[in-house]
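What follows is one structure encoded as structure tokens, with my remarks underneath.
Each chain gets a letter, A, B and so on, in the order its sequence line appears, and its residues count up from 1.
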Amino acid sequence: MAYLKKSPWLLHYDASSCNGCDIEVLACLTPLYDVERFGIINTGNPKHADVFVITGGVNEMNREVVKNIYEQMPDPKVVVAVGICAATGGVFRECYNIAGGVDEVIPVDVYVPGCAARPESIIDGIVKALGILEEKRAKMKGQEGSA
Amino acid sequence: MAIVYLILAPVLGGLIAGIDRKLTARMQGRVGPPILQPFYDVAKLFEKEDVTVTPSQNFYILSYLVFMAVTGALFFAGEDLLLLIFAFTLAHIFIVLGAYAAYSPYSYVGAERELITLMAYEPMIILTAIGLYLVTGSFYVETIATSQVPVILYLPGVFLGFLTVLTIKLRKSPFDISTSHHAHQELVKGLTTEFSGATLAKIEIAHWYETVVLLGIVYLFFGFNPLLGLAVIVVAYILEIFIDNTFSRMKWQMTMKSGWGSAAILGFLNLVVLYYFYLGV
């Protein structure tokens, strides 16, 4: 049975974002958008999280941090890059201390464009990520069966 | 009765948790998750990869779940209230040991806070047992529950004191210092930081068992009238949700003061009055 889609717990990390996208991510949790009605909880703990929402271009200081958080999350997991900086580095792309998009460091499953990304598109992105999460779970289970 | 409890309590506890989340959402002007959300959460946790820091932590959490179930089984089998309190405390010691077994500063802080809350509510729980004994003349749950004495009239203070520690026990807002769904980035998730997947699911199920036992103790005060008892359980739980939504988290000192304060003023004073004026009625 696929319960993963019904209860995605997300972890939100700000990898040198300007805070614009962060506020929009948090706006999704407010009564207006209320993502808890989809069972989404903001956990703040990588070990409980299923969806890794990351904002901002990764800089050289937190490259290891992002990798570390990603590795601490138990499988199956998905990464959602929110905002243009997280997708490509955005206007900070040429800066000496910016690694670029999040996909320079960890594999990204869904890109949510925008500067700042709107709450509606963030929710859209996360719903899309849930489909990928389900695929990953099925794949994981298939591997267990063959092993 | 005990076997019925072992099967039905997780279902009932999960439903209560679901209604709790829905009501909380409505109080905040949100739609809120489906009533069955807690079951989805637990089912999902069983689907996740098993990440274990130390193998012994899984053993401790299993013991926590088993002893929590034993506590409830003792309660619904009508056994000794003192034995029940002992099993209850033992269960909590196991979850604290589990948190200490996983080497992490976050779970250490959570474990320490859990020990503080344990210290805060324990006197009141014991005074509750003593109060029920003084009025009904028995420590046995069966005798207390079927007693025709209107226990609440003799123990209003003890009942209020028990409601105070119920807030601590159910991890409701002013006292949810050791673990909380709402303490996102400040506490990580306290006690349960290092638990994930199936182990975390076991903790959730143990919480459901715990909720049912605690609400069962509320019923003991109204054993003379079962309908009134059920009504009071509903009102008490809604009151706890209301408190959860109106208070912010407080420091551990406040938990100690509330726990021991209610035990000393409401509980102990009630027992003194009972002892000098009503005993043998």
So how far is it from A/Lys47 NZ to B/Thr192 OG1, rounded to the nearest 0.5 Å? 11.5 Å
What's the spacing between B/Lys22 NZ and A/Glu36 CD if we round to 0.5 Å? 9.5 Å
I'd like to check the side-chain hydrogen bond (donor to acceptor under 3.5 Å, both in side chains) partners of B/Tyr209; sequence neighbours left out, ordered by chain and number. none
Proximal component of [X], with respect to chain A [non-hydrogen, under 4.5 Å]:
X        : value
B/Ala43  : both
B/Val31  : both
B/Phe195 : backbone

Would you name the heavy atoms of [X] and [Y] that are closest together and state the gap between them?
X       : Y       : value
A/Pro74 : B/Val51 : CB-CG2, 3.5 Å
A/Asp75 : B/Glu49 : N-OE1, 2.6 Å
B/Asp41 : A/Ser7  : OD1-OG, 2.7 Å
A/Pro31 : B/Gln28 : CG-O, 3.7 Å

Surrounding [atom1] of [X] (heavy atoms of other residues, nucleotides or ligands, distance under 6.0 Å), is the total greater than 12?
X        : atom1 : answer
B/Phe242 : CZ    : no
A/Met61  : CE    : no
B/Phe46  : CZ    : yes
A/Lys136 : NZ    : yes

Six-ring centre of A/Trp9, B/Lys48 cation under 6.0 angstrom, axis tolerance 45°: no
When you compare the side chain of B/Arg21 with that of A/Ile41, does any pair of heavy atoms fall below 4.5 Å? yes
Do we see a donor-acceptor contact under 3.5 Å between the side chains of A/Asn45 and B/Thr193? no
A/Ala129: which residues meet the side-chain contact (heavy atoms from CB on, under 4.5 Å) condition with it, sequence neighbours left out? A/Val78, A/Val80, A/Val110
Counting distance only, does the side-chain N/O of A/Lys6 pair as donor-acceptor with the main-chain N or O of B/Tyr40 below 3.5 Å? no
Is any residue of residues 91-104 of chain A within less than 4.5 Å of chain B by heavy atoms, and which ones? none
Return a table of donor-acceptor pairs under 3.5 angstrom between the side chains of residues 63-72 of chain A and protein atoms on other chains or two or more places apart.
unit_1, atom_1, unit_2, atom_2, d
A/Arg63, NE, A/Glu60, OE1, 3.1
A/Asn68, OD1, A/Gln72, NE2, 3.4

